[in-house]
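Note sheet for the following structure.
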Amino acid sequence: MGAEEKDLRDFKLQPMKCELNFLSKSDGSAILSQGDTVALVSVNGPLDIKSTSQSIEKSTLEILFCSKGGKPSVADRYKENVIRQTCEKAVLGCLYPRTGITITIQELEDFGGFLSCALNCACLALLNSGVSLRHVFACVTCGVDEKGEVVLGGRGCDTQISCVFDSIDKTLITCFSEGTYSEGTYLEAVARCRAASELVFAFYRDVVSKYSNAI
Amino acid sequence: MAEIYKLIHPVKYFNDYISRDIRPDGRKFHEQRNIKVNVNSLKTAEASAVVKCGNTTVVCGVQLELATPKAEEPELGFLVTNVELTPLCSSKYRPGPPSDNAQVQSYMLSDIFSNSKCIDLKDLCIVPDKLAWVVYCDIVCLDNDGSLVDACIIALMASLKTLSLPTVTYDPETEEIKVDPDVRTPLKVDGCPVATSFAVYKLTERNILLTDPSAYEEEMCGGLGAHFTVCLNKGLICGNHKFGGSHLLMENQEEVLKIAKERANLVVKVIDSCIKNEKSIDK
């Protein structure tokens, strides 16, 4: 994995480390660290859920976000929404009608860019659980420094733009941002994130090939 | 006949319209609904606004309160925004504690607002570490017919632009507070963030962007609320939220930014002319 880590450094992405099947009792789980930020995700399902939240067309995704402090807040609901909408696009829900898939995210360490780490970790946990997916997705965060230049990773920048891409066409699935920035900066950030997403996908491939011999 | 067709083949009905380059309500893809703004409609609030974008109706009321600033940030006042989605506005909402969707909308609004930095919280501080204003902006949705965040931001900005703060004198020795509601200073508002929502629909080969989607369109494009919201303040992007919907291509984004810019100019004009009219009536 040495070469890949060097690639990550060239792109100024945080070094990523991952372990699959971290939890023994869930259907799929992953722990991912991007630099100092660490997220733990467990996936359970498809399971039986109460009939009011069942959908006859597709499986219902339930996202639980647990922050480190354990106190629920409105910001957590927003993060849950970002993760739900992103995973809903990726999971082939029509294969499991009337069921529920629960994704639980536990924040372990947050040194910036947690949501981006949680999204990548959720993707790895979904891969590990064996739920059918349309595509995998990768989230990359860009920062804008004082000079108005786009830097990948971008920890500590006031302005941050995060983009999630799918693995097939590399089109934009989800995007969220903090701070203010110009149009040109935005378009550049999306392009830079798209380029860097290749590395995240390569990392996924490495992780999965380590754990499974069949693929 | 069309109504029955819509019920039996909802997807095909929608598709038929879109493939003929028109939306079911007769609008073109990038046509927006009419915006109506009325300021100072609630006399019990310090400042207020009612906004209608098509059928989407929101009311914003601003209340003022005095409080001690936080110890960590002794020079900052408070501005609290809250969006309430009552069962009145759509059959999707039930009475009781705010739903997940309401919390998400509320968070998005306060996030866009704080990112735009159009209000300097230092202006709300009266005496550092002792006294500051708390501005409560409560937004109630009366009718949710899509593009909710757009309407909420317009209502919020229109009411904040008309807000004026009473003069407060604070005696540091006796800690006595005197409020003079007759002498008021208007609140400084820097720019005016304007949000523009889009729904993204995938029509076999190409992606269609629907500007200012109605609730029906949002639902047909598969998602809770609009998929893509861009917020501009003085030409700078201060919020960019895209979830769900079809995936976006690069050329879509340039298109989006162009439309958002045009709309931002339009909305600022609407708000300003509304406030001007209101002032001339008062005189």
Side-chain angles (χ1 to χ4, degrees), chain A residues 52 57-58 61-65 72-90 93 115 119 134-135 137 144 148 158-191 194, chain B residues 11 80-83 94 97-112 114-118 190-191 193 200 202 207 222-225 227-254 256-258 260-261:
Chain A
T52 46
E57 282 176 349
K58 55 183 175 47
L61 276 188
E62 207 173 278
I63 314 284
L64 293 166
F65 186 94
S73 74
V74 177
D76 292 351
R77 295 288 94 70
Y78 173 79
K79 287 175 191 158
E80 279 175 9
N81 184 49
V82 172
I83 296 166
R84 175 182 304 113
Q85 303 253 23
T86 309
C87 292
E88 231 162 51
K89 292 266 65 163
L115 192 46
L119 276 161
R134 273 187 199 92
H135 51 72
F137 53 88
V144 182
D158 284 343
T159 302
Q160 292 194 344
I161 306 165
S162 306
C163 302
V164 184
F165 296 98
D166 76 292
S167 56
I168 303 170
D169 304 321
K170 310 281 180 306
T171 45
L172 188 69
I173 312 174
T174 304
C175 179
F176 47 92
S177 68
E178 261 174 57
T180 53
Y181 43 91
S182 70
E183 243 172 76
T185 315
Y186 169 65
L187 294 174
E188 195 192 330
V190 174
R194 176 174 289 133
Chain B
V11 178
V80 187
T81 55
N82 184 36
V83 182
R94 305 262 118 224
S99 64
D100 281 1
N101 187 25
Q103 290 185 43
V104 170
Q105 302 279 5
S106 202
Y107 180 83
M108 254 171 85
L109 184 76
S110 61
D111 189 57
I112 288 173
S114 57
N115 277 336
S116 74
K117 298 196 186 85
C118 59
D190 183 26
V200 196
K202 195 171 168 121
N207 268 341
L224 285 162
H227 300 135
F228 191 24
T229 307
V230 183
C231 191
L232 288 161
N233 183 21
K234 297 193 295 185
L236 289 177
I237 306 173
C238 57
N240 187 335
H241 299 262
K242 150 105 180 64
F243 343 100
S246 191
H247 304 171
L248 268 190
L249 303 170
M250 212 60 193
E251 60 259 30
N252 290 141
Q253 304 192 20
E254 282 162 26
V256 159
L257 291 170
K258 209 176 119 225
K261 245 190 204 163

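From a predicted model like this one, the values you see are computed outputs, not experimental measurements. Residue numbers begin at 1 in each chain, while the letters A, B, ... track the order of the sequences.
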Interchain contact, B:Ser116 with chain A, by part (heavy-atom threshold 4.5 Å): backbone
In terms of heavy-atom pairs under 4.5 Å, which option from A:Val164, A:Thr159, A:Leu187, A:Asp158 contacts chain B the most? A:Leu187
Which heavy atom of B:Lys234 sits nearest to which heavy atom of B:Asp190, and what is that distance? NZ-OD1, 3.0 Å
Contacting moiety of A:Glu183, where chain B heavy atoms sit under 4.5 Å: both
Does B:Asn240 reach the side chain of A:Ile161, with side-chain heavy atoms less than 4.5 Å apart? no
With side chains defined as the heavy atoms from C-beta onward, is the minimum distance between A:Lys89 and A:Thr174 less than 4.5 Å? no
Evaluate the side-chain proximity of A:Ile173 to A:Phe165: yes if any heavy-atom separation is below 4.5 Å, no if none is. no
Is any side-chain heavy atom of A:Asn81 less than 4.5 Å from a side-chain heavy atom of A:Arg84? yes
Which one, B:Asp111, B:Asn115, B:Asp100, leads in non-hydrogen pairs under 4.5 Å with chain A? B:Asn115
Heavy-atom distances under 4.5 Å only: say whether A:Tyr186 touches chain B with side chain, backbone, both or neither. side chain
Hey, which of B:Ile112, B:Ile237, B:Val104, B:Asn252 has the most heavy atom pairs under 4.5 Å with chain A? B:Ile237
If we only count heavy atoms from C-beta on, is the A:Pro72 to A:Arg77 side-chain gap below 4.5 Å? yes
Is it the backbone or the side chain of A:Thr86 that comes under 4.5 Å from a heavy atom of chain B, or both, or neither? neither
Just give me the residue among B:Met108, B:Lys117, B:Lys261 that pairs up with chain A most often, heavy atom to heavy atom, under 4.5 Å. B:Lys261
Taking every non-hydrogen atom, the tightest pair across A:Thr185 and A:Ser182: OG1-OG, 2.7 Å
Below 4.5 Å from any heavy atom of chain B, which atoms of A:Asp166 appear? Answer side chain, backbone, both or neither. side chain
